[in-house]
Amino acid sequence: MYKSEYLNRVYESIVKRDPNEPEYLQAVREVFESLDLVVDKHPEWEKAGLIERFVEPERVLEFRVPWVDDQGKVQVNRGYRVQYNSAIGPYKGGLRFHPSVNLSVIKFLGFEQTLKNSLTTLPMGGGKGGSDFDPKGRSDAEVMRFCQSFMTEMARHIGQFTDVPAGDIGVGGREVGYLYGQFKRIVNRFEAGAITGKGIPFGGSLARTQATGYGLCYFASEALKKQRNDSFAGKKVVISGSGNVAQYAAEKCMQLGGTVVAMSDSNGYVVDERGIDLEKLFDIKQKRRARIRVYAEEVPGSEYHEGCKGIWGVKCDIALPCASQNEMDAEGARALVANGAMGVFEGANMPLTPEAIAVIQSAGLLYAPGKASNAGGVATSGLEMSQNSLRMAWSFEEVDQKLSGIMENIYNACYAASEECGCPGDLMVGANVAGFLKVAEAMMAQGVV
């Protein structure tokens with residue numbers, strides 16, 4: 001499979017050990033394809049068992065989460081925290097509450113997070129966690145009881161110098177607030193840097209809510225400018241999803257001159273050729289927590305379509321997949337190519353299947369993997385940790401300026417690494433190699449641990 005015998009041997013051992021973890025294996029395969037270009041230049045890695053250690057999480061926590069619903073019935077969910085790699089800093093990564101969560105998903109996310117955090121240049125290792133609990137349709141009281149039970153187990157494993165969770169799919173400001181409240185109660189100290197994505201009154205950072213979506217557009221802008229001498233101005237953009245990342249990617253995209261013509265949720269998608277009305281979208285999603293079909297019911301001239309995958313057939317110049325892993329397959333990628341799209345930038349983690357990536361890259365479209373293009377969220381979490389340590393708060397403009405600079409630096413690091421690997425402009429190779437080299441250097445310096 002790979003030119004490197006070392007990588008082949010390690011990958012075969014992973015498949016043998018974890019055959020029922022498809023998302024994790026997919027993530028490792030993709031990174032190994034990039035590392036195949038550099039691993040033979042570093043024979044010291046094999047001697048130190050570096051790759052074997054890199055693909056194995058430092059610690060995996062799995063636990064039950066019992067809680068009581070509003071009818072007084074006991075419910076039991078499964079909780080996870082994968083503390084993946086701490087070579088360059090404390091474990092850092094979000095919590096995902098969604099029925100699809102299992103160990104494979106959390107391991108793949110932790111693996112990706114390690115490289116993503118490395119790219120930010122901030123001192124953060126990689127981790128990820130979550131539960132198969134679904135907050136949709138649950139009352140605030142039920143969500144609070146679940147979060148308190150989840151944190152009762154998690155509290156002993158986290159801390160500002162150990163492991164710093166944050167939000168992800170299904171974990172927004174409400175959930176982070178409940179989680180932090182229980183953490184503070186258990187440890188009996190106001191350790192603000194132990195969790196990020198907090199509310200502003202208790203240690204949160206301005207611009208954190210917008211950071212992943214804004215950062216995605218900052219990264220895409222750099223790629224468009226430096227590889228196509230172009231910009232968002234006058235471009236039609238399709239964004240999958242309608243959660244936090246998608247909402248603020250849409251906002252920044254429009255600020256940069258683009259027109260968002262389609263967005264989706266897990267049931268279907270809406271098309272509005274005049275441009276999505278963000279005020280209406282925010283009202284539907286943030287205040288009413290309603291399905292996206294309501295947009296078409298209330299905005300004349302827009303259309304609603306059942307099913308998610310058809311969104312990639314909407315004609316556009318730029319696609320920003322911001323929903324979930326493997327949401328775009330080869331058929332969706334071919335539809336984008338046929339309609340003349342010029343770039344795909346991932347806002348979610350691993351939203352394109354390997355087949356979709358092959359279609360996009362072979363057609364010559366710009367493509368950026370999520371570990372680079374969606375790193376703005378965790379970068380701003382790192383800035384939140386810095387503010388907590390300093391016991392001060394920066395303005396929205398200060399944080400946004402730092403975020404923009406970080407995303408520009410990530411793009412430059414990815415492009416430089418792609419050139420060094422002999423694949424100039426291949427941002428997937430660049431992201432994987434640039435992210436890995438920093439972690440590898442730290443691991444080598446710290447010995448066999």
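Small disclaimer: the values here were computed from a predicted structure and weren't measured. These values consider heavy atoms only, across backbone and side chains, with no hydrogens, waters or symmetry-generated copies.
- Between Lys371 and Glu30 there is a salt bridge, since a side-chain N of the basic residue sits under 4.0 Å from a carboxylate O of the acidic one.
- Ring geometry, Phe282 versus Tyr248: the interplanar angle falls from 30° to 60°, so the pair is classed tilted.
- A side-chain donor-acceptor contact under 3.5 Å links Asn432 to the backbone of Met428.
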*asked:* For a salt bridge (Lys or Arg N to Asp or Glu O under 4.0 Å) check, start with the C-alpha distance between Glu56 and Arg53, then their side-chain angles and the critical distance, and finish with the verdict.
replied: CA-CA 5 Å; Glu56 183 70 15; Arg53 289 188 284 133; over 6 Å; no
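- Tyr269 and His305 have parallel rings, their planes meeting at less than 30° on a 0 to 90° scale where 60° marks the start of perpendicular.
- Taking the six-membered ring for Trp and the full ring otherwise, the centers of Phe63 and Phe150 sit less than 6.0 Å from each other.
- Between the side chains of Tyr91 and Gln113, not a single donor N or O lies within less than 3.5 Å of an accepting N or O.
- Salt-bridge check for Lys235 with Asp317: failed, with every basic side-chain N at 4.0 Å or more from each acidic carboxylate O.
- Here Lys236 pairs with Glu273 in a salt bridge; the nearest charged N to carboxylate O distance falls below 4.0 Å.
- For the pair Lys107 and Glu112, the salt-bridge criterion is not met [side-chain N within less than 4.0 Å of a carboxylate O].
- Checked for salt-bridge contact, Lys3 and Asp40 miss the test: no charged N lies under 4.0 Å from a carboxylate O.
- The pair Glu331-Lys309 does not meet the salt-bridge criterion, since no charged nitrogen lies less than 4.0 angstrom from a carboxylate oxygen.
- With respect to the salt-bridge test (charged N to carboxylate O, under 4.0 angstrom), the residues Glu44 and Lys47 do not qualify.
- In this structure, the side chain of Glu346 engages the main chain of Gly370 through a donor-acceptor pair within 3.5 Å.
- Classified by interplanar angle (parallel below 30°, tilted 30° to 60°, perpendicular above 60°), the ring pair Tyr218/Tyr214 is perpendicular.
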